[in-house]
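Residue numbers run from 1 in the order of the sequence given. These numbers come from a predicted model, not from an experiment. Atoms within each ligand, like the ligands themselves, are counted from 1 in listed order.
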Amino acid sequence: MALDDYRKKRDFTKSPEPAGDASPKRKKAGAPLFFCVQKHLASHLHYDLRLEWNGVLLSWAVPKGPSIDSRDKRLAMHVEDHPIEYGTFEGVIPEGYGAGIVMLWDVGTWEPEVDVDAAFRKGDLKFRLNGYKLKGSWVLVKTHGFGGAPNSWLLIKHKDDWSGPLDIAEFAPLSVKTPNADFAEILQGKTPDLWLNNPPAKTGDTGEVFKKIIERALTMTAPTKARKAAKKR
Ligand code: MN
């Protein structure tokens with residue numbers, strides 16, 4: 001089953017992440033396909049690109065995030081399929097696999113430019129994105145282990161009207177789900193019940209990591225806080 005790996009890695013009594021439908025449904029041919037990018041502040045900050053296909057989300061972890069500069073090749077590690085319901089998830093994973101903060105960074109529809117199953121097997125998937133932040137034509141190319149792990153791919157923006165020398169992650173760093181929320185606001189905001197029942201791990205490696213995440217989230221929000229403080233004065 002496509003989602004076995006996903007479920008094996010997680011304890012849904014401790015994580016707010018969705019378990020997903022037991023039997024994922026494919027959409028009718030021609031129906032718009034969902035895509036998202038989740039900015040994930042875990043032990044390392046990365047961006048998770050997810051493309052709906054055959055009722056699940058094909059997923060790649062992109063350490064530096066997508067770049068709209070066609071000269072950049074961004075490493076994208078292919079990871080386990082995620083349930084469709086994951087695509088709009090935003091919140092805090094208090095402990096365990098992926099512990100940290102997830103922000104819905106971009107969302108929209110995608111269109112394959114090639115036969116997806118064949119392209120996926122070959123490791124050369126061309127597609128178009130229509131999100132708030134990411135648009136136009138892209139390619140995911142498998143490196144076939146050359147200079148990397150067997151699951152390593154490169155995410156590259158094709159040169160078009162939607163490419164350019166702009167650091168999109170820097171230019172548009174905030175949530176598209178909770179308007180303009182940063183990590184600290186997501187941390188403080190959305191799921192107080194879960195926080196109360198399952199406080200983030202305080203001990204061990206996860207506790208250490210989480211402490212650093214919270215500290216980092218607070219430094220990342222500093223300009224916003226300064227703005228709010230300035231407004232109050
Ligand atoms: Mn992730």
* To do: Using 2.8 Å as the cut-off, count the protein N, O or S atoms closer than that to the Mn ion (ligand 1).
  => 3
* How about H40 and F89: are their ring centres within less than 6.0 Å of each other? -> no
* Kindly give the heavy-atom pair with the smallest separation between E17 and I93, and that separation in Å. => OE2-CD1, 3.3 Å
* Asked: ring pair (Phe, Tyr, Trp, His ring centres under 6.0 Å): which pairs involve residues 156-175, sequence neighbours left out?
  -> none
* Asked: Who passes side chain to side chain donor-acceptor pair (under 3.5 Å) against D115, sequence neighbours left out?
  -> none
* Structure fact -> From the list D48, L51, L155, V37, side-chain contact (heavy atoms from CB on, under 4.5 Å) with W60 holds only for L51
* Asked: When clusters are formed from ILVMFWY side-chain contacts under 4.5 Å, directly or step by step, what else is grouped with V139?
  -> V141, L154, I156
